[in-house]
Amino acid sequence: MIQFKNVSKSYQNRLALNHISLTVESGTTTVLIGSSGCGKSTLLRAVTGLVNPDSGEIFLNEVRLTSQTLPELRSKIGYVIQEGGLFPHLTAEKNLQLMPKLLGWNMRKIRERINELAELTALPIETMQSYPSELSGGQRQRVSLMRALMLDPQILLLDEPLGALDPIIRRELQEDLREIFRRLKKTVLLVTHDLGEAGFFGDRIVLMKNGTLVQQGSLSDLVQRPADAFVTEFVNAQRSPLEELVR
Ligand code: ADP
């Protein structure tokens, strides 16, 4: 479970997060959505310790995140970013080995875990010998997901993980990702700016604006029971341009 209690963060007197309180229940997927600059990534990064809130508290499975608890908690979090964040000078396999080696796993255990995750993410095992630049965008994101899952974390954070992919690859990976979230029963917090994708993944969608939470609920809550005019405006702006053209 992830709990944000009254979390605020400002940059040069501009509030990126304004008293955010939010709970992501264990084993569920919550999607953060909103216009660019509304604070989605900042909220996600606060869970990884990459952003230090000015005030408020974050709890991961009831343990408060502090500089003392961060190293231990960090190993329970998998984090995937849009461009994957793989080291370009290392093969996929070497990227995956980094953390477990640091933790002293033996090579056999590491190899077994890589085989297991390659199967889970539907990647041929030969791709493990490729460098990130030799992989397609979709394959790179599958390797990034493998890396995030290496230590079998309870919590998965994904920041626009499919944002850089073309529509067909994106659709395929969406299906696979949702299946993986469900099968592994992870606690997932995912950022997207695509409402369709939010509806596809989210047990709950959280719409943000200027560092605040505007509405939490299902896609139909947002569409049929908007909390205010901004929600309707956001939903309408996301209606497919194709829908408009062929009407
Ligand atoms: P989103 O992910 O919704 O696009 P962000 O969380 O990245 O939004 O940013 C929220 C606000 O905080 C923006 O106004 C952004 O410019 C600002 N911000 C984020 N990170 C920094 C930083 N490291 N330094 C200064 N301003 C930042």
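Counting convention: from 1, in listed order, for ligands and their atoms alike.
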If the cut-off is 4.0 Å to any non-hydrogen atom of [X], which atoms of ligand 1 fall inside it?
X: T42; value: 5 (P), 6 (O), 9 (O), 10 (C), 19 (C)
X: C38; value: 1 (P), 3 (O), 8 (O)
X: S36; value: 4 (O)

Of the protein's non-hydrogen atoms, which lies at the shortest distance from [atom], and what is that distance?
atom: atom 27 (C) of ligand 1; answer: Y11 CD1, 3.2 Å
atom: atom 15 (C) of ligand 1; answer: R14 NH1, 4.8 Å
atom: atom 7 (O) of ligand 1; answer: S41 CB, 3.8 Å
atom: atom 11 (C) of ligand 1; answer: G37 O, 3.6 Å

Exercise. Taking the side chain as every heavy atom from C-beta outward, state whether F181 and D203 have any pair of such atoms under 4.5 Å apart.
Key: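 A side-chain contact is absent here, since even the closest heavy-atom pair is not under 4.5 Å.
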
Exercise. For S26 and T187, indicate whether the former's side chain and the latter's backbone hold a donor-acceptor pair under 3.5 Å.
Key: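 Checking the backbone N and O of T187 against the side chain of S26, no donor-acceptor pair under 3.5 Å is found.
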
Quiz item: In the hydrophobic clustering (ILVMFWY, side-chain contacts below 4.5 Å, transitive), which residues join F87, or is it alone?
Solution: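 Direct or chained contacts put F87 with L90, L98.
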
Practice problem: Might you point out which heavy atoms bring L15 and S8 nearest each other, and give the distance in Å? | Solution: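 That closest heavy-atom pairing would be CD2-CB, 4.5 Å.
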
Quiz item: Does the pair E197 and T192 meet the rule for a side chain to side chain donor-acceptor pair (under 3.5 Å), with working shown?
Solution: CA-CA 7 Å; E197 186 163 285; T192 181; 3.1 Å; yes

Practice problem: Please collect all salt bridge (charged side-chain N to carboxylate O under 4.0 Å, His left out) contacts where either partner lies in residues 47-65, sequence neighbours excluded, each pair once. | Solution: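 Output for this query lists K9-D54, E57-R64.
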
Self-check item: Residue from T30, I205, L22, L207 passing side chain to side chain contact (heavy atoms under 4.5 Å, CB included) with Q216
Solution: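 Of all the options given, the one that passes is L22.
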
Quiz item: Purely on distance, is any nitrogen or oxygen of Q12 under 3.5 Å from one on ligand 1?
Solution: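 No, there is no polar N/O contact under 3.5 Å.
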
Quiz item: Does any N/O atom on A16 come nearer than 3.5 Å to any N/O atom on ligand 1?
Solution: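 By distance alone, the answer is no.
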
